[in-house]
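Only a predicted model underlies this, so the values are computations on that prediction, with no experimental measurement involved. Letters A, B, ... are given to chains in the order of the sequence lines, protein chains preceding strands, and every chain is numbered from 1.
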There are 2 protein chains.
Amino acid sequence: MRHQIMTASKAEPATIRDVARSTNLSVASVSRALNGHSNVRPDTRARVIEAAERLGYVPNAAARSLSLARSHAVGVVLPDLHGEFFSEIVRGMDRVASEKGYQLLLSNMHADATMAAHAMSAMRGRVDGLIVMAPQLSYELLQKTLPASLPVVMINSPQGTGHSNLRIDNAQGARMTVEHLLATGRTAIVHIAGAQDNIDGHERRAGFEAAMATLAPHLPARVIEGDFLEATGTRIVAQLLADGAHFDAIHAANDMMALGALMALRDAGVVVPDDVAVTGFDDIPLARYMALTTVRVDLAGVGARAVSALLQTIEDADARHDSAMIKPELVVRGTTAPVIAPTMR
Amino acid sequence: MRHQIMTASKAEPATIRDVARSTNLSVASVSRALNGHSNVRPDTRARVIEAAERLGYVPNAAARSLSLARSHAVGVVLPDLHGEFFSEIVRGMDRVASEKGYQLLLSNMHADATMAAHAMSAMRGRVDGLIVMAPQLSYELLQKTLPASLPVVMINSPQGTGHSNLRIDNAQGARMTVEHLLATGRTAIVHIAGAQDNIDGHERRAGFEAAMATLAPHLPARVIEGDFLEATGTRIVAQLLADGAHFDAIHAANDMMALGALMALRDAGVVVPDDVAVTGFDDIPLARYMALTTVRVDLAGVGARAVSALLQTIEDADARHDSAMIKPELVVRGTTAPVIAPTMR
DNA sequence: AAATGCTATGTAACCGGTTACATAACAATG
DNA sequence: CATTGTTATGTAACCGGTTACATAGCATTT
């Protein structure tokens, strides 16, 4: 039972019945008037709008969702992303979503898969579709976890789940950097790989190997296991130098390891790019400052495209799936261009 | 027995009535069993749980929200933040929210205030409370825009809205950097201010002026208007140098302008920190790489605390407001501390 | 004038949950 | 044995919207 004693601040919001009462109309007419149905007399509609405004009436989203079986919200489940990755993707999503009158229900994909499953099922009735980014989840696990009744768009996730899947073209990115290194005369390139249970790490490594095999089958294509962490880049390169290994280019699976590599090189007095060139992947903001040649992906674009694809599936039940590759872009900077690396030192 | 014959895509999710039918119980008993009410026979509860699992039943959030007048979701309205700002704050929020079984409904505060108002009202019935960060909105505008019926926690927003307000202690941050600069012997400090219609920009400038007036009333305290952008930092310092102005420290209102200043100094051959010291504010990830002395705020902590405060207000209608100042932390790095030994001046 | 159609509005069912209240079965008490 | 209390379950109202269907009023057609 509701308390009658209430302070102004907690005034219960007006419902459609309040508006109906205040206009001497039925709730049906009010609903029709506010939703722009055609069979409402103009002056009636005006009366309704006036009253709604006066009472500060805002439709209750839960009631609306229940009745329409539509929430006008999409669920977003992302892994533990940092910095620009997260903010740019979400920014792109928010742009499209709010443009189309949808809202974003956000949930981090906690490492724990059961938690993730729980987060997703908690969205039942709350969202009209799901955008899932799960670069480290297995195909089988995903199948089990994803609700069968909702449209889903995946980002950078395992293939074959039967849902739209936007994927960053890691192979092409790796190929572009390899091409660039070869074009600038490098002959001994070392790839520092990312975690291999991560789809990006895996594809970038494979992309590197494929590019080397195609473009320079005669050259060595060394691969060293890494894990995306800066310190690992440093450690691996320091080790290479200590071993007296011969190499004139480091091709890292992401920017952080590339930056780590730069540190190790600098500490050892190796001149970049004269003695050794370095490339990364991702184009994090730091990359620009460190003049790192890298591969850029339009993250906001990915987010925007994911939402567009999802809304299309939602609004047109049998829209074809959009399983596109997102083309990355090569950004050439000082760590490969002998132009002179003006930064750092 | 599973139904093998069904097109996976259109399987309507099971409702509580399906579970009731399948167990020969009433929906009331099912509801009670699943919600852990005490007046349910253990074997009945077991039967219900088994059936729910078998049917893949998940309660419909909209129906639940409507009936309980509780959504277990909180709305988050943020300005157009970038990178770590956004991701860290949201990460902190998500941590606490998912821990307490709440979800986050996200909306960017689009520059346009009407859009923001619209976004907020669209949340009626969808969220139990709101977290709003509006460093650039006026007090009056906020009053109009915020729904009167929902608990609200503000972050870094104008005072006096009558809601909890977590604020970053910009004055203290500015004071700490000033203290540090003075302690290392600087005598001619220039503050590059942020946008003055932004609460942070305004408070940092005022904090700088107050600190100077208190700690070193005899020293000049020059302030130049800026706008938080890196290029502006560069331009202003280049201008200072061109004018032959005398200064031995740049006290910038944020890291980006400080980095811009560093660029200008380096280009002019001015040695940092020997000739000129530089401080920033925010401790963006780049700051560490550029060895920038700055002021750090635990953003994830701010987000977490905001959610905690909000949930408290939600669950205990008359919990006291939590209008705390978030204490920042001074991070001393190379742009103020000579790497080898402090210079005597 | 009666039949027909169209328009604006009202009535009530429904969406899928929760829960106050009613009830039936059984146990404990006088 | 009648009374009372306790426990497990069912019935139905309710949350706040939307909308199929019914209806009343009026205009048009025959």
Are B:Asp18 and B:Arg21 close enough for a salt bridge, meaning some N to O gap below 4.0 Å?
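Yes, B:Asp18 and B:Arg21 are salt-bridged.
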
A:Arg91 and A:Glu88 ion-paired at < 4.0 Å
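Looking at A:Glu88 together with A:Arg91, the answer is yes, because their closest N to O distance falls below 4.0 Å.
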
A:Ala14 and A:Leu55: which non-hydrogen atoms are nearest, and at how many Å?
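Closest approach of A:Ala14 to A:Leu55: CB-O, 3.7 Å.
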
Using only side-chain N and O atoms of [X], determine if any of them is under 4.0 Å from OP1 or OP2 of [N].
X       : N      : value
B:Asn39 : D:dT9  : no
A:Ser26 : C:dT9  : no
A:Thr44 : C:dT9  : yes
A:Arg64 : D:dG16 : no
A:Tyr57 : D:dG16 : no

For the side chain of [X], counting heavy atoms from C-beta on, which of [options] is nearest?
X        : options                : value
A:Asn60  : D:dT9, C:dG17, D:dG16  : D:dG16
A:Ala63  : D:dG16, C:dG17, C:dT9  : D:dG16
B:Leu68  : D:dG17, C:dT18, D:dT18 : C:dT18
B:Leu25  : D:dT9, D:dT19, C:dG16  : D:dT9
B:Leu66  : D:dT9, C:dA12, C:dG16  : C:dG16
B:Arg124 : D:dG17, D:dT19, C:dT18 : D:dG17

Polar contact flag, side-chain donor to acceptor under 3.5 angstrom, B:Ser22-B:Arg54
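Per modelled atom types, B:Ser22 and B:Arg54 side chains form a pair under 3.5 Å.
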
If we ignore angles and hydrogens, is there a donor and acceptor under 3.5 Å between the side chains of B:Asp128 and B:Ser71?
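Side chains of B:Asp128 and B:Ser71: pair found under 3.5 Å.
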
Should the side chain of A:Arg32 and the base of C:dG10 be counted as holding a donor-acceptor pair, with the cut-off at 3.5 Å?
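Yes, a donor-acceptor pair under 3.5 Å.
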
Give a yes or no on whether a donor-acceptor pair under 3.5 Å exists between the nucleobase atoms of D:dG16, that is its base, and the side chain of A:Arg17.
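Flag set: donor-acceptor pair detected.
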
Integer-rounded Å distance: [N] [atom2] and [X] [atom1]:
X       : N      : atom1 : atom2 : value
A:Glu12 : D:dC15 : CD    : P     : 11 Å
A:Leu55 : D:dG16 : CG    : C1'   : 15 Å
B:Arg70 : C:dT19 : CZ    : C1'   : 16 Å
A:Ile16 : C:dG10 : CD1   : C1'   : 13 Å
B:Arg21 : C:dG16 : CZ    : P     : 11 Å
B:Leu34 : C:dT18 : CG    : P     : 8 Å
B:Arg45 : D:dT7  : CZ    : P     : 15 Å
A:Asn35 : D:dA20 : CG    : P     : 13 Å

At under 4.0 Å between heavy atoms, what does [X] touch on the DNA or RNA strands: base, sugar-phosphate, or nothing?
X       : result
A:Asp43 : nothing
A:Ser31 : base
B:Ala69 : nothing
A:Ser65 : nothing

Nearest-nucleotide comparison on DNA chain D, the residue closer to the 5′ end among A:Pro59 and B:Ser38:
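In this pair, the answer is B:Ser38.
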
Inter-residue atom distance A:Leu150.CG - A:Thr313.OG1, 0.5 Å rounding:
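Separation between the atoms: 11.5 Å.
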
